[in-house]
2 protein chains.
Amino acid sequence: MTTPLPVVGEPRMDLPAPDVADAAALAGLLADRTRAGILRMLADGPHCVCEMAAALGERDNNVSNHLARLRDAGLVRAVRHEANARFLYYERDEAAVAAARDQLLAVLG
Amino acid sequence: MTTPLPVVGEPRMDLPAPDVADAAALAGLLADRTRAGILRMLADGPHCVCEMAAALGERDNNVSNHLARLRDAGLVRAVRHEANARFLYYERDEAAVAAARDQLLAVLG
DNA sequence: ATGACATATCAGCTGTGCGTGTGATGTTCA
DNA sequence: TGAACATCACACGCACAGCTGATATGTCAT
């Protein structure tokens with residue numbers, strides 16, 4: 001618990017800069033309707049690109065583009081369909097997602 | 001708990017679109033180094049604009065600009081210093097911040 | 001009153017990210 | 001083999017968001 005309120009005294013001009021670079025970068029990934037929708041859908045289990053594109057009302061290549069960003073960030077990974085190798089299914093990396101959640105909570109905490 | 005994995009069967013092209021508009025908008029507010037830094041600093045108590053600008057290495061008017069965005073979103077509010085009304089201290093609206101956190105957790109959950 | 005300070009507001013420039021289009025790769029089925 | 005499909009990678013154009021600089025408003029000291 002830190003000092004709750006009483007605003008008195010002089011401003012302190014020597015406060016340390018908070019480290020929020022990672023959290024801001026993560027928030028940037030969530031700050032898009034399509035990417036946020038992807039992560040939300042993948043919370044319920046794996047989905048292929050065409051499924052998500054249909055649900056989100058976006059084109060396949062657009063969704064694929066956003067998936068590439070999430071993949072580069074390590075939040076999701078791709079797995080080929082067992083019987084139908086045509087379809088590429090994406091699933092969340094739950095460990096990475098949990099780490100991302102912690103980063104954001106360190107800011108909103 | 002939903003189906004964990006077994007990727008089999010045909011893609012379902014009739015999945016509902018997840019509602020992530022609010023979460024994406026909120027993430028957009030966090031997706032900036034300056035705004036994220038502000039929210040992080042205000043987690044420890046109120047601060048005036050000049051304090052935060054100094055700590056973040058940004059100009060006063062720039063920080064003021066970002067504060068206006070956070071204020072419009074209801075995440076922070078301004079209070080005049082009791083003894084020195086020159087200084088405008090900002091504090092977090094904890095209820096709004098908690099609601100924002102829940103929105104984001106609904107995506108990362 | 002006057003000047004210094006703290007903050008807000010607005011206009012303009014610039015960079016960046018999103019959506020799109022296109023071509024390439026790999027898979028299935030006829 | 002060849003056609004249709006699923007996905008990826010890359011480049012282009014455009015809209016938007018952030019930084020800056022100038023100006024405006026309010027507050028304190030002298």
Side-chain angles (χ1 to χ4, degrees), chain A residues 7-13 15 20-21 24-38 42 46-73 76-91, chain B residues 7-13 15 20-21 24-38 42 46-73 76-91:
Chain A
V7 174
V8 283
E10 286 293 303
R12 298 198 44 194
M13 303 305 277
L15 293 176
V20 292
L26 275 215
L29 284 175
L30 290 185
D32 180 87
R33 237 192 84 265
T34 304
R35 283 195 299 271
I38 289 171
L42 293 184
H47 290 291
C48 65
V49 179
C50 56
E51 275 178 347
M52 293 188 282
L56 297 170
E58 296 288 335
R59 322 217 159 181
D60 294 353
N61 53 0
N62 191 18
V63 171
S64 179
N65 245 329
H66 287 292
L67 279 166
R69 304 256 320 250
L70 296 174
R71 193 171 2 112
D72 290 346
V76 305
R77 64 176 153 257
V79 180
R80 286 255 164 232
H81 191 286
E82 301 164 4
N84 247 348
R86 241 188 319 184
F87 302 104
L88 195 56
Y89 276 72
Y90 279 86
E91 60 186 3
Chain B
V7 176
V8 284
E10 287 294 304
R12 297 196 45 194
M13 304 304 277
L15 293 175
V20 292
L26 273 222
L29 285 176
L30 290 185
D32 179 87
R33 239 191 83 266
T34 304
R35 284 194 298 270
I38 288 171
L42 293 184
H47 290 292
C48 64
V49 178
C50 58
E51 275 179 347
M52 293 189 282
L56 297 170
E58 297 288 337
R59 317 224 149 139
D60 294 352
N61 55 356
N62 192 17
V63 171
S64 179
N65 242 325
H66 287 293
L67 280 166
R69 304 257 317 254
L70 296 174
R71 195 173 357 116
D72 290 346
V76 305
R77 64 175 153 256
V79 181
R80 288 255 165 229
H81 189 287
E82 301 165 5
N84 245 349
R86 247 190 310 187
F87 300 104
L88 195 56
Y89 276 73
Y90 278 87
E91 60 187 4

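Since we're looking at a predicted model, the values are computed, not measured. All chains are named by letter (A, B, ...) in the order of the sequence lines, taking the proteins before the strands, and each is independently numbered beginning at 1.
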- Task: Apply side-chain contact (heavy atoms from CB on, under 4.5 Å) to A:Glu51 and A:Phe87, showing your working.
- Result: CA-CA 10 Å; A:Glu51 275 178 347; A:Phe87 302 104; over 6 Å; no
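In this structure, the separation between CD1 on B:Ile38 and CG on B:Leu30 is 11.5 Å, given to the nearest 0.5 Å. Rounded to the nearest 0.5 Å, atoms CZ (B:Arg35) and CG (B:Asn65) are 10.0 Å apart. Taken to the nearest 0.5 Å, the CE atom of A:Met52 stands 10.0 Å off from the CG atom of A:Asp60.
Comparing B:Asn84 and A:Glu51 against DNA chain D, the residue whose closest nucleotide sits nearer the 5' end is A:Glu51.
Within the 3.5 Å criterion, the main-chain N or O of B:Arg86 finds no donor-acceptor partner in the side chain of B:Asn84.
A:His81 and A:Tyr89 have tilted rings, their planes meeting at an angle from 30° to 60° on a 0 to 90° scale.
Residue A:Arg35 is in sugar-phosphate contact alone, with no base atom involved, counting any heavy-atom pair closer than 4.0 Å across all strands shown. Among the heavy atoms of the strands lying under 4.0 Å from B:Asn65 is at least one base atom, whether or not backbone atoms are also near. Residue contacts shown for A:Arg69 are limited to sugar-phosphate atoms, with no base heavy atom under 4.0 Å away.
Between B:Asn62 and D:dC19, a side-chain N or O to OP1/OP2 separation shorter than 4.0 Å is present. In terms of phosphate contacts, B:His66 brings no side-chain nitrogen or oxygen within less than 4.0 Å of OP1 or OP2 of D:dA17.
Counting to the nearest Å, the C1' atom of D:dT7 and the NE2 atom of A:His81 are 15 Å from each other. What separates CG of B:Leu30 from P of D:dA17 is a distance of 15 Å, to the nearest Å. Summarising the geometry, the separation between CZ on A:Arg86 and P on D:dA4 is reported as 13 Å, rounded to the nearest angstrom. Taking atom CD1 of B:Ile38 as the reference point, atom C1' of D:dG18 lies 13 Å away to the nearest angstrom. A straight line from CG of B:Leu56 to C1' of D:dC19 spans 14 Å, rounded to a whole angstrom. For the pair A:Tyr89 OH and D:dC8 C1', the computed distance is 18 Å after rounding to whole Å. One can place CZ of A:Arg59 at 17 Å from C1' of D:dC5, the figure rounded to the nearest angstrom. Atoms CG (B:Asp60) and P (D:dA24) sit 19 Å apart, rounded to a whole Å.
For B:Asn61 against D:dG21, a side-chain N or O and a base N or O form a donor-acceptor pair under 3.5 Å.
The nucleotide range of DNA chain C contacted by chain B, defined by atoms under 4.0 angstrom from heavy atoms of the protein and reported 5' to 3', is C:dC5 to C:dC10.
For A:Val49, counting side-chain heavy atoms from C-beta on, the closest listed nucleotide (D:dA6, D:dT7, D:dT20) is D:dT7.
Taking the side chain to side chain contact (heavy atoms under 4.5 Å, CB included) definition, one finds that B:Ala55 meets it with A:Leu15, B:Met41, sequence neighbours left out.
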